[in-house]
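Residue indices begin at 1 and follow the sequence shown.
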Amino acid sequence: MITIKPFKTLISVTCVFVCSFFALACPASAHSLPGSELVIKQSSSQTRITLSFALEEFVIAAPHLKFVEKTSSLGDLTNSQVKQLSSYFNQHFKIKPLNDEQDDQFISPRLDAIEIQGAFNEHVGQYRRVEAQFSVDSKTLPYNSLFPAVLHFDAILHEIRSHRVAVFYEGEQNSKIKLVDFVYSETNGKPATHLLSPNS
């Protein structure tokens, strides 16, 4: 006669269920989408900034801007949608020369264009990536007056704290210098700012 011990059986069944659940919910191959990249380039007429990021994470961070998923360029959006998109970046993306000690003198670069393209990453496969073009004219920011600079940037980061941002300066012959690499952090309860200096 075989005697079944209910307590041990219950533990075994529970262990199998829990292990199966976590195996499905947390696959070993899970990877985050690639982070954002910010590239700054100056000329005598203006400062141009290119920002690229994963569309999926942008929509998670700013669901009210979900309409971006259905566009391929800024021209596809209505005036109202362009204003909403510009307002978002004006709030979460600002820059100023370090020698300007007034906190309210941060400059919000003007959004000039966006383009959405397919991209590939070896960890996550195919995904959609946004490339946004910004500029600041030379009257607002004279040539060679930007660096060293202070960057306020928490686009996407304000909701996805593990999102990573890499900032580069593009010099002559399209050579890129990495200025800083960061994730979300706070100083005195506010998003931290970051010092940018190609010569440091």
Side-chain angles (χ1 to χ4, degrees), residues 29-42 46-78 80-96 106-136 146 149-171 174-186 190-196 198:
S29 59
H31 287 274
S32 299
L33 285 163
S36 295
E37 184 175 289
L38 197 66
V39 181
I40 302 170
K41 185 174 184 178
Q42 283 195 299
Q46 62 184 348
T47 297
R48 297 200 60 82
I49 304 172
T50 302
L51 170 64
S52 63
F53 50 87
L55 175 61
E56 182 180 332
E57 292 201 328
F58 178 71
V59 171
I60 292 172
H64 64 293
L65 300 176
K66 188 177 175 66
F67 56 77
V68 173
E69 288 183 316
K70 299 180 180 180
T71 186
S72 59
S73 69
L74 206 59
D76 296 335
L77 302 179
T78 65
S80 176
Q81 289 172 333
V82 172
K83 287 181 179 178
Q84 290 181 65
L85 192 58
S86 296
S87 177
Y88 173 83
F89 286 114
N90 287 345
Q91 180 181 354
H92 296 287
F93 173 26
K94 305 173 186 179
I95 196 167
K96 71 169 185 175
F106 271 100
I107 300 164
S108 295
R110 182 183 67 242
L111 176 63
D112 295 324
I114 61 168
E115 184 177 359
I116 300 177
Q117 299 179 333
F120 178 81
N121 176 272
E122 62 180 343
H123 298 300
V124 300
Q126 298 288 341
Y127 72 103
R128 297 176 72 194
R129 195 163 181 87
V130 181
E131 183 174 286
Q133 299 288 343
F134 297 84
S135 65
V136 181
L146 175 58
V150 180
L151 173 69
H152 165 99
F153 187 93
D154 68 337
I156 301 178
L157 294 166
H158 61 93
E159 290 296 331
I160 304 177
R161 301 299 172 90
S162 61
H163 186 80
R164 183 165 291 278
V165 180
V167 183
F168 298 86
Y169 173 71
E170 186 174 310
N174 297 323
S175 59
K176 291 201 301 186
I177 302 171
K178 192 172 188 177
L179 303 179
V180 69
D181 185 304
F182 61 90
V183 293
Y184 186 85
S185 61
E186 293 185 351
K190 296 181 180 180
T193 56
H194 304 274
L195 178 64
L196 308 179

Completion exercise
When rounded to the nearest 0.5 Å, the distance separating CD of Q133 from CG of L111 is 9.5 Å
Exercise for the section: Please assess L179 against L151 for the test side-chain contact (heavy atoms from CB on, under 4.5 Å), listing each intermediate value before the final yes or no. Expected result: CA-CA 11 Å; L179 303 179; L151 173 69; over 6 Å; no
Practice task
Step through the shown structure and confirm whether more than 12 heavy atoms of other residues, nucleotides or ligands are within 6.0 Å of CD on E56.
Solution key: no
Handout entry: Any side-chain heavy-atom pair of I95 and F153 under 4.5 Å
Key = no
Handout entry: Minimum-distance pair of heavy atoms, taken over all atoms of H163 and P34
Key = CE1-O, 4.2 Å
Practice task
Just say parallel, tilted or perpendicular for the rings of F53 and F89, cut-offs at 30° and 60°.
Solution key: tilted
Exercise for the section: Test side-chain contact (heavy atoms from CB on, under 4.5 Å) on V59 and E69 and set out the steps. Expected result: CA-CA 8 Å; V59 171; E69 288 183 316; 3.6 Å; yes
Handout entry: Flag side-chain contact, heavy atom, 4.5 Å: V68 against Y88
Key = no
Exercise for the section: Can you see which heavy atom on V124 is nearest to which on S32, and at what distance? Expected result: CG1-O, 3.6 Å
Practice task
Can you measure from CG (D154) to NZ (K94) and round to the nearest 0.5 angstrom?
Solution key: 9.0 Å
Completion exercise
In short, I156 meets E57 closest at the heavy-atom pair CG2-O, 4.1 Å
Problem - For S108 against N90, the heavy-atom pair lying closest together - result: OG-O, 3.2 Å
Completion exercise
Interatomic distance, NE2@H123 vs CG@L33, rounded to 0.5 Å, equals 12.0 Å
Problem - Criterion salt bridge (Lys or Arg N to Asp or Glu O under 4.0 Å) against E37, the qualifying member of R129, K178, K176, R164 - result: K176
Practice task
Of all the heavy-atom pairs spanning R128 and I116, show the shortest one and how long it is.
Solution key: NH2-CG2, 3.6 Å
Exercise for the section: State which residues pass salt bridge (Lys or Arg N to Asp or Glu O under 4.0 Å) with R110; sequence neighbours excluded, sorted by chain then number. Expected result: D112
Problem - Between Q42 and T47, a side-chain donor and acceptor under 3.5 Å - result: yes
Problem - Interatomic distance, F58 atom CZ to I160 atom CD1 [nearest 0.5 angstrom] - result: 11.0 Å
Problem - Side chain to side chain, Y127 and N121, heavy atoms closer than 4.5 Å - result: yes
Problem - Side chain proximity check, V183 to S162, heavy atoms < 4.5 angstrom - result: no
Problem - S73 and E115 side chains, donor-acceptor separation under 3.5 Å - result: no
Problem - 4.5 Å side-chain heavy-atom contact, E186 and R161 - result: yes
Exercise for the section: Walk me through it: do V180 and L195 pass the test side-chain contact (heavy atoms from CB on, under 4.5 Å)? Expected result: CA-CA 8 Å; V180 69; L195 178 64; over 6 Å; no
Problem - Side-chain heavy atoms of L65 within contact of L85, under 4.5 Å - result: yes
Problem - Close side-chain approach of Q91 and S87, heavy atoms under 4.5 Å - result: no
Exercise for the section: Using the side-chain contact (heavy atoms from CB on, under 4.5 Å) rule, take F93 and I49 through it: C-alpha gap first, then chi angles, then the decisive distance, then the call. Expected result: CA-CA 11 Å; F93 173 26; I49 304 172; 3.8 Å; yes
Handout entry: Close side-chain approach of L146 to Y169, heavy-atom, < 4.5 Å
Key = no
Problem - S135 versus Q46, closest heavy-atom pair with distance - result: CB-OE1, 3.6 Å
Problem - Straight-line distance of L157 CG to H92 NE2, nearest 0.5 Å - result: 10.0 Å
Handout entry: Reported CG-to-CD1 distance for the pair D76 and I114, which is rounded to 0.5 angstrom
Key = 8.0 Å
